[in-house]
Novice: 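The structure that follows is given in the form of structure tokens.
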Amino acid sequence: MHRRSTRKLLSDAIQLLLHHHLKPRKSIEECKQIHAKLIRSNQTPLQIHIFNILLNFYSQCNDLCSARRVFDQMPHKNVVSWTSLISSYALHGFLRTSVALFTEMLESTVKPNTHTFSFMIHECTTSCLSVLGIQIHCLVIKFGFEKDEFLGSALVDFYLKVWNNMDEAFRVFDGLWRRDRVTWNVLISGLADVSDVGEVLRLFREMRVADELRPNDYTLTSLLKCCSLIIEVDQIHGLAMKYGMESDVVVGSGLVDMYGKCGKLDTGRKVFDSMEVKDIFSWSSIIASYVRNGSPEQAVTLFLHMCRQGVKPDQHVLSSVLRACAEAGNLESGIQVHAQMIKNAYQADCFVGSALMSIYANAKELGSVEKLFRRIENKDIVAWNCILMCYAQKEELATFYSISLFRELCQTSTVRPDMATLVALIASCQSVLDLAVGIQIHGLIMKRRVGCETSIGNAVIIMYSNCGSIIDAYKAFDDIVNKDEISWSSIIGSHLQNGFELEAVNICKEMLAEGIYLTSFSLPLCIAASAKLAAIDLGKQFHSFFVKLGLEGDTFVGSSIVDMYAKCGNVEASQKAFKELQEPNVVSFNTMISGFARQGNAAKAIELYGEMEKMGIVPNGVTFLALLSGCSHMGLVENSLAFFNIMCQKYNIEPEPEHFACLVDVLGRAGRLEEAYCIIENDGSVLAWKTLLSACRNYENTKLAEKCATKVMQLDPTDHSSYVLLSNLYSREGKWKEASKLRQKLVNVGGKKNLGSSWLM
DNA sequence: TTAGGGTTAG
């Protein structure tokens, strides 16, 4: 072929490259045509150049086989041909083939140049090939390329990222012929990654003074990573404005992120709004900022806005917005984001999966949590801890599930349990039945010598308290080296939970003597202890702490004061404390309604319920229990029936045994025994049947009493009271035979009448 | 040929 036609082929190949993005499918065909002509052509130096263009072209079109064919068909190959194919294989994920080809090249007549070595070192960095990187560095020295600035930048990056070896990185850096902005940026970025702020600032100054180089967007990004104070972020922001990089998508996103982390959400938002180009990083940064700064609703709104703009969510933004849904307690949005997660195929992602798990865990959807956990591919310790915390909240067999999963973690995963794992594991022990397991887990904690750690020790205190072992709880408290306010409130709470109110108050005094202040956690516990002891003077002292500590805005603590006064019998003081609550919630209302009910003032209780409804506060099961108990004490049958219906029908609340018992009590006292029987016929509990049974005794309705007693005996055969009650009824009616039979039956099932006792004896 | 940013629990 003539020289002219080769030139034509070259111009065709260049045209091909230029127009490829316009008509990709057509250009592959054109490429094949040029390729065919080229094979038939004579050899000219230009030919290698055209072959190289075609090789790169096929590679860009993801047709590696054709790229390889071009390479194999080349009569002569140069360094560009070799380097192109080596990089093509690596970029398409065929790292071994790429390295094999590099080795083959070393044995060929064509020698690698600085481009080839730069690429290979870069590959060693991204794929973390630590030993191969050093071997290639030796070759670089052998070939005399070590002073090259391009290759040097790649080597500095390699030593910092793969080996974390600053000395070697500096050695390469100092030996370079000249340093450009990239070389400086590589070094600064590597040091910023290990948070060597002093060194980063020194280099930043030196770069500007010694080499007279202006910082660019990469430099500012590294500097931003080192910021820990708002003033530093402001300074970088100033530099970005000075050099016109404020609206650069990467620098801008970095600023948005850092302002969010420093709590200056508004400034971050201004930067975000000023950015002309926003990518998924920018959206992710601003959304995470809203979550971090306590505005989860706005984070969710922004996420929806982002989706509407056609930006495809990725795993980062999904996990941020899921955290927002969790914090806003918004299960519905969580489900919507779950749909986006499935749509964008992030089900196997550990971060997204864990964030979603906590949403379903809060909603008590344990089955969904389990499914999500199983779908995560590379589970990290956070994912494991998340499901363990979830199992710890199970109502039944929590220890069984938790221990099985912990065993699975230890036996099947390379992930190592951490402190949070042990905390989650021990939190699964919730009752005296779990004490044996709890002791074993505590043994594991002792073996690892982490019992003295505050977070673990606090969890151990709570475990022993839940399992009823207060002495061990105190020992665990004693073992903690640095007791925090949670340690103190846990041990105070433990004593209160196990009926040691006086000791709880004494420990509180000890805490105050140690110079630890009462907090919104420990104070309500002490107030509750005063209430239990009916010690109003003590309660008043704690009330004064409430004022002194400025906790008046805390509804939780405020409600405990309302409860304390009511339980101590001073309803007026209770009412006053209730009126002083700044933002009463359902708990506060329940406390006050219970206070009135306990006092026998059903009218006031009902009136307060009306106020609560007017304020738009939704009542719960506890509210209705208080109302029913108030009405039942006063014999208000119709009111009781009305509240029971409102609860079930208007608020869709499933009645608990206590609700039934109250209703049966009031009906029973009014002699409406059959009516009570009808209500509990299908779903009554032992408590309701026992209540009805005693009503039957009062009205001497032996027929119905027999039915009730049979039910109680079925539900709890060891309960003595049903046998005794019925037997007394039989005796009263002169049915001595039946009475005696029943007493014998009681002896047979092993039931024993509890002996009475009196505080006065 | 070489350099950069955002995410999960307690």
Side-chain angles (χ1 to χ4, degrees), chain A residues 79-80 83-84 86-87 112-123 125 145 148-158 160-161 176 179-190 192-193 215-225 245 248-258 260-261 279-289 291-292 313-324 326 346 349-359 361-362 376 379-390 392 418-424 427 455-456 458-459 486:
Chain A
V79 63
V80 179
T83 310
S84 298
I86 289 169
S87 58
N113 64 7
T114 52
H115 290 233
T116 327
F117 280 122
S118 293
F119 181 81
M120 288 310 294
I121 292 290
H122 175 239
E123 267 314 298
T125 309
F145 292 145
D148 178 83
E149 72 210 72
F150 285 85
L151 192 37
S153 300
L155 278 167
V156 170
D157 197 37
F158 167 76
L160 287 172
K161 286 209 181 100
L176 297 177
R179 285 99 50 120
D180 65 4
R181 212 148 48 169
V182 178
T183 331
W184 280 101
N185 284 340
V186 170
L187 194 61
I188 290 174
S189 156
D193 278 339
N216 67 359
D217 42 352
Y218 285 84
T219 329
L220 294 193
T221 313
S222 297
L223 289 177
L224 264 177
K225 268 201 278 185
M245 287 179 276
D248 173 88
V249 67
V250 180
V251 176
S253 304
L255 282 169
V256 171
D257 176 51
M258 285 311 292
K261 283 176 180 157
D279 65 4
I280 190 71
F281 284 83
S282 332
W283 285 100
S284 183
S285 302
I286 192 73
I287 288 171
S289 295
V291 184
R292 210 171 266 134
D314 70 357
Q315 69 272 40
H316 295 266
V317 82
L318 281 173
S319 45
S320 285
V321 79
L322 283 170
R323 192 181 141 198
Y346 286 112
D349 183 85
C350 187
F351 277 62
V352 185
S354 303
L356 200 53
M357 274 162 71
S358 43
I359 290 185
N362 286 339
I376 298 175
K379 301 174 185 74
D380 67 359
I381 194 62
V382 176
W384 283 96
N385 292 348
C386 211
I387 184 106
L388 277 169
M389 279 309 289
C390 193
D418 65 2
M419 302 269 243
T421 319
L422 296 170
V423 170
S455 63
I456 303 251
N458 294 346
I486 301 172

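The chains referred to below are lettered A, B, ... by the order of the sequence lines, with proteins before strands, and numbering in each begins at 1. In this text, all values refer to a predicted model and were calculated from it rather than measured experimentally.
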Novice: Can you check the A/Phe158 CZ to B/dA3 C1' distance for me, whole Å?
Specialist: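 Interatomic distance, CZ of A/Phe158 to C1' of B/dA3: 17 Å.
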Novice: Looking at B/dA3, I'd like to know if its phosphate oxygens (OP1 or OP2) sit under 4.0 Å from a side-chain N or O belonging to A/His122.
Specialist: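 Yes, such a contact exists.
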Novice: Categorize A/Phe119 for me: base, sugar-phosphate, or nothing, with a 4.0 angstrom heavy-atom threshold over every strand shown.
Specialist: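 Nothing, no heavy atom under 4.0 Å.
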Novice: Side chains of A/Ser358 and A/Ser354: closer than 4.5 Å at any heavy-atom pair?
Specialist: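 Sidechains of A/Ser354 and A/Ser358: no contact.
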Novice: Does A/Thr83 reach the main-chain N or O of A/Val80 with its side chain, forming a donor-acceptor pair under 3.5 Å?
Specialist: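 Such a contact is absent between A/Thr83 side chain and A/Val80 backbone.
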Novice: Which pair of heavy atoms, one from A/Ala383 and one from A/Met357, lies closest together, and at what distance?
Specialist: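 Of all heavy-atom pairs spanning A/Ala383 and A/Met357, the closest is O-CE, 3.6 Å.
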Novice: Tell me what A/Asn113 touches on the nucleic acid: a base, only sugar-phosphate, or nothing, going by heavy atoms under 4.0 Å.
Specialist: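 Result for A/Asn113 = nothing.
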Novice: How long is the straight-line distance from CZ of A/Phe150 back to CG of A/Leu176, given to the nearest 0.5 Å?
Specialist: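 These two atoms lie 11.5 Å from each other.
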Novice: Are A/Asp257 and A/Arg292 packed together at the side-chain level, in the sense that at least one heavy-atom pair is separated by less than 4.5 angstrom?
Specialist: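 A side-chain contact under 4.5 Å exists here.
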Novice: Quick one, give me the B/S/- string for nucleotides 4-10 of chain B, reading 5' to 3', where B means a protein heavy atom under 4.0 Å from the base and S means that only happens at the primed atoms, P, OP1 or OP2.
Specialist: BBBBBBB
Novice: For A/Tyr346 and A/Asp314: C-alpha separation, side-chain torsions, deciding distance, then whether side-chain contact (heavy atoms from CB on, under 4.5 Å) applies.
Specialist: CA-CA 8 Å; A/Tyr346 286 112; A/Asp314 70 357; 3.6 Å; yes
